[in-house]
Each structure stands twice: as structure tokens, then as C-alpha cells.
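Notes for the one structure printed next.
Lettering follows sequence order; numbering is per chain, from 1. These numbers come from the heavy atoms of this one structure, side chains and all, not from hydrogens, waters or symmetry mates. None of the values given here were measured: they were computed from a predicted structure.
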There are 2 protein chains.
Amino acid sequence: MLTLLEPPQAALRLHGSAGESLSGFQDYALMLSCARGEAVYHEADAAHHLYRVLSGMVRLCRHTADGHRRIAEFALPGDLFGALHGQRQDYTAEAVCNSRLVAYPRQHANGLAGHQLHMTGSAVHLLTTQQHGFAMASRSARVRMAAFLLRLAERSGAVETGHLDLAMERQDIADHLGLTLEAVYRTLHLLALARIILIGGPHRILLQNVEALCELAEGGATQ
Amino acid sequence: MLTLLEPPQAALRLHGSAGESLSGFQDYALMLSCARGEAVYHEADAAHHLYRVLSGMVRLCRHTADGHRRIAEFALPGDLFGALHGQRQDYTAEAVCNSRLVAYPRQHANGLAGHQLHMTGSAVHLLTTQQHGFAMASRSARVRMAAFLLRLAERSGAVETGHLDLAMERQDIADHLGLTLEAVYRTLHLLALARIILIGGPHRILLQNVEALCELAEGGATQ
DNA sequence: CGACATCTTGAGAGTTGTCAACCGGTGTGG
DNA sequence: CCACACCGGTTGACAACTCTCAAGATGTCG
């Protein structure tokens, strides 16, 4: 069973302690650490487990035929990820930064509070996917970036504090938003010039005008 | 109960016969016709029913603050639509062309085969939303159009026959793909010049090179 | 200190948005 | 019956935006 948590590509270190955040799974849950850049699993791997982020961040991505990468989602602390249905994983999961995860064997998840977990996972994923899809429907880099920052801020609780921690690299953001690396820099710079955000280093964004960010994200027209 | 099926905005005509395609719901299902352009329900209406398309096509859309319209999905014959959770509808549903629908009271759907229906609906919607979102991540009009045509062809069984029926207008396609009306024309024209499709009128597309369409939709890079 | 990855900015080319005009069918009223 | 308005479809010209390519700045780690 433990070997399932150690795909040959990833140097995951297992911890003895059990997960503590999901009732009913303690006996089967396994905690694991994952260093920056390490893969938790790869696309088409056997989907034996569900994962929950305890700390850090995980990116769920695919690679297209022509070598481009598309990041479907960033999983934040508290988020579940891993294929709910089917035998194989849909995405590759990689740690954006040093992260701690809990792995739940899917057989037990299905057996115990399976339905609830199913529904929760599905509903959350559906909602988040819809929001992202709507943002991507706009072709403007400003709108995409605004929607991305806003959603990340809401999910990480940064709307109140105004302090947003961008754990991922610029290239990650680019692959998530369907933009180029340069467009990400320019757009962030643009938002900073407009006094909507303040860039306090590569991984620190201060939200100065959430209102304006909302307007951009929502009302954003075509281009 | 019948009044629920007749929101004041839509002149829906009810039929006496019950739906015949979903076992266990015949006693509660109501069949209804909806003329081109009519609304089945509006965003934020009370979500009392689930709907299934028997014939025709329904667009699920929202209107942004600045008056733009975004079509999240086109529901084809066999597709379910309507909010699964929550008290209110997420989208406005309008008939693209004269359509026949079946309405299932959600309370009975939840009571009887509720879980299965839930899961089916969620899973289908999630899959379809993901695919669309991935296509939208590309900024190229060609890629978006190719993915749209391909997915519509797969869902309507047009891949085999090669004959695709575009019931919706060009503006509907534009609002679905996040493009302008003119871009839709140009892109279709471009695909026609490349011998990938053949335009046999506003609502008829002949698929001439599905391979090339797949390559465009999948391998499509950023621009 | 040097190598390397990441971050950042600049200049030109390409694609799409914007604006405008035209075409064809349909419905309506004189 | 015909003129007209109207809607959907279609195409062209220009501007704006982003991508591409390139170079430099900053920072991290050996």
C-alpha cells in the first residue's frame, strides 16, 4: 500500500502520523511531504488515492501534443484533488512549493462517507472550473489576470488581509491563464500602475483596490 | 404545479403526455414546447425543475454587467439542464430553435433516483465544462472554433455522417467562444479555405477533415 | 565568484477587435 | 403588388492588443 504513494518519479517522504482534518479516514490516511517541483502523480497513473492539501500548493496540469503545458487548477490548503471516477488520473499533480498532503485510499473513501465526499468534490470542482472557464472566455489579459487574482484571494482568504501570497511562478500563471510569460509581467505591471495592486516582490501581491479588480473580472468585455 | 412551468416571460405550451425517456419519472414529468428565442427560465428564477431536451437546442447563458452575453453551454437532445443544487437557477435558458423539452420536478428527482441523477448530471456537466474551459484557455480563434465544432460534432453524432447542423446563430457561437461576430465569420471562412470544413449555408457545415480539426483543437498553441 | 533560473522590459509582427458597409430574405404596411 | 424596414449573414480597412524574439536585471545556489 505504501508503494502506491511512491511513484518512481517522485521522491515523496512518508510520515507516520495520520491525517487529522477529515473524520472517518484517520485510520487509512497517510501524510506525506512533497518538495517544490516534485510530482505527486502523473497523468494516466493508477488513481488509487484522493489527496488533500494541508499546506503549500499543488498544480494540476496537462501537456499538449506540441509540448505546451496547461494548468487546470491550483489546489490550496483544504482542497481535495485526484480523479474521483475512472481508473486513471486526469492530470499530473506537482508541488508548486514545499507542501504537506494527506492521501486517502479511494476504496475507503468510496466505502465510508463516499457519497458525501463525491458530491463535495464534484460540486467544488465544478464551481471552480466554471469560474475559470468564464474568465478564460474573455480574451483580455487584464480580465484573465484580475479574475485569477480575485479567485485566488477569495480562496486563500486574502481579500480581508489584502495580502496575497503567489506561491507559483510567473510561468505557472501564464500556463494557467493561456497567456505568455511576458504578458503576465506586463499585465501585473499594468494593474500596479493603475493602483489596483502593489507588487511587493515576485511572490507578494498587495490588493489595493478589490472593487476595481471585481469590475475588471466581471464586467470585462471581449478585448 | 403547472404554473411553475409557465414563467410570465415565456409563452410555453404544455402538453398532456408524460416524458418517456427517464424511467421512474413518467408520473411527474411534463412535456413542453418552446419556440425559437423563448426563455425556459431566467437566471435567479426559483429552481423547481430539471429539464431534458427531447428535440431542438437550448442555450444556457448569463449577462454581464456591461451588457455582454456569455453562453456557457448548448444543451442538445438528451442533455439535462437546470440547477442541481441551490434554490435559484444559475443561468438563463432560451430555446435556440423550436424545441421540445421534458420538465422533472426536482423534489421527485431528489427523492427517487436522485443520487444517480445528481451524479450523472454533475459528471456530464463537469466534463463538458472542463473541455470548454480548456479550449477557451487558447486565445486563438481557430483553436476555439475547431474545438467547438469538434465537440458539437461528437455530441450530435455528426462525426460519422460528416454533416453538422448548426442550429444556433453566428452571434450565439461568438458569445459561446468569447469572440466577435466578425471573427466567427473569418474563422469559419478560414477553415473552409483550408478544406477542413465546407459551409453549406448558415446552418449547415460539412466536416471534410476531422483529423485536421482534432489537431487544431488539441495541439493548438497560444496564438 | 560564476552559473543558472527567474524576473523584467523593449521592439516589431501578427491576429483579432472595432467600425463600416453591403447582401439577401422576411415581414409589414401602403 | 410593391416599397420599406428589419434581421441575419458576410466582407473590408484600420487600430489595438498580444505574441514573438531579444536582451538585460535580479536572485539563488554551488
Side-chain angles (χ1 to χ4, degrees), chain A residues 35-37 59 66-70 94 96-98 135-146 148 166-194 197-205 216 219-223, chain B residues 35-37 59 64 66-70 94 96-98 135-146 148 166-194 197-205 216 220-223:
Chain A
R36 176 172 176 273
R59 60 174 173 251
D66 58 346
H68 285 252
R69 186 182 64 163
R70 288 181 181 179
E94 299 167 336
V96 169
C97 54
N98 296 341
M136 293 303 97
S138 167
R139 300 177 39 77
S140 154
R142 278 192 310 280
V143 174
R144 291 181 177 216
M145 182 62 73
F148 166 69
L166 286 183
M168 71 287 287
E169 300 174 0
R170 298 290 188 258
Q171 185 65 58
D172 289 330
I173 301 177
D175 290 344
H176 184 51
L177 299 184
L179 298 171
T180 58
L181 189 56
E182 297 89 336
V184 170
Y185 289 116
R186 278 192 269 266
T187 307
L188 283 176
H189 187 67
L190 219 73
L191 292 178
L193 285 180
I197 63 173
L198 197 148
I199 304 174
H203 298 291
R204 278 185 45 182
I205 299 281
L216 270 180
T222 48
Q223 178 166 124
Chain B
R36 174 171 177 273
R59 60 176 174 248
T64 61
D66 58 346
H68 284 253
R69 186 183 64 164
R70 287 182 182 179
E94 299 167 335
V96 169
C97 55
N98 296 339
M136 293 304 96
S138 167
R139 299 178 39 77
S140 155
R142 278 192 309 281
V143 174
R144 291 181 177 216
M145 182 62 73
F148 166 69
L166 286 183
M168 71 287 287
E169 299 173 1
R170 297 290 188 261
Q171 185 65 58
D172 289 328
I173 301 177
D175 290 344
H176 184 50
L177 299 184
L179 298 172
T180 57
L181 190 56
E182 297 88 338
V184 170
Y185 290 116
R186 276 193 281 262
T187 309
L188 284 175
H189 187 67
L190 220 73
L191 293 178
L193 284 181
I197 63 173
L198 197 149
I199 303 174
H203 299 290
R204 279 183 45 182
I205 299 282
L216 270 180
T222 48
Q223 179 165 122

In degrees, rounded to 10°, what is the bend between the two ends of the helix from C:dC1-D:dG30 to C:dG30-D:dC1, using five pairs at each?
20°

According to side-chain contact (heavy atoms from CB on, under 4.5 Å), who are the partners of A:Ala146, at least two apart in sequence or on a separate chain?
A:Leu213, A:Leu216, A:Ala217

For nucleotides 28-30 of chain D, print each protein N/O atom paired with a nucleotide N/O atom at under 3.5 Å, atom names and distance only.
none

Residues 171-180 of chain B vs salt bridge (Lys or Arg N to Asp or Glu O under 4.0 Å), sequence neighbours excluded, gives B:Arg59-B:Asp172, B:Arg69-B:Asp172, B:Arg69-B:Asp175

With sequence neighbours left out, the residues meeting salt bridge (charged side-chain N to carboxylate O under 4.0 Å, His left out) with B:Glu182 are none

To the nearest Å, give me how far apart CG (B:Asp172) and P (D:dC7) are.
16 Å

Can you measure A:His68 atom NE2 to D:dT20 atom C1' for me and round it to whole angstrom units?
12 Å

Rounding to a whole Å, what distance do you find between B:Arg144:CZ and D:dT18:P?
13 Å

Do B:Asn98 side-chain atoms and B:Ala35 backbone N/O form a donor-acceptor pair below 3.5 Å?
no

Sequence neighbours excluded, the answer for ring pair (Phe, Tyr, Trp, His ring centres under 6.0 Å) partners of B:Tyr185 is none

Candidate pair A:Arg204 and A:Ile199, rule side chain to side chain contact (heavy atoms under 4.5 Å, CB included), full reasoning:
CA-CA 6 Å; A:Arg204 278 185 45 182; A:Ile199 304 174; over 6 Å; no

Rounded to whole angstroms, how far apart are CG on A:Leu190 and C1' on D:dT18?
12 Å

List, one per line, each side-chain donor-acceptor pair under 3.5 Å for residues 186-194 of chain B, sequence neighbours excluded.
residue	atom	partner	partner atom	Å
B:Thr187	OG1	B:Ala183	O	2.6

Does any N or O in the side chain of A:Arg144 come within less than 3.5 Å of the main-chain N or O of A:His176, such that one atom is a donor and the other an acceptor?
no

For C:dT16, take OP1 and OP2 only and decide whether either is under 4.0 Å from a side-chain N or O of B:Thr180.
no

Any donor-acceptor N/O pair, A:Arg139 side chain to B:Leu179 backbone, under 3.5 Å:
no

Would you tabulate the nitrogen or oxygen pairs shorter than 3.5 Å linking the protein to nucleotides 21-24 of chain C?
none

Whole-Å distance between C:dT15 C1' and B:Arg139 CZ?
9 Å

What N/O pairs connect the protein and nucleotides 6-13 of chain C at under 3.5 Å? Give each pair on its own line.
residue	atom	partner	partner atom	Å
C:dT6	OP1	A:Glu169	OE2	3.2
C:dC7	OP2	A:Arg170	N	3.4
C:dT8	OP2	A:Arg170	NE	3.2
C:dT8	OP2	A:Arg170	NH2	3.3
C:dG10	N7	A:Arg186	NH1	3.4

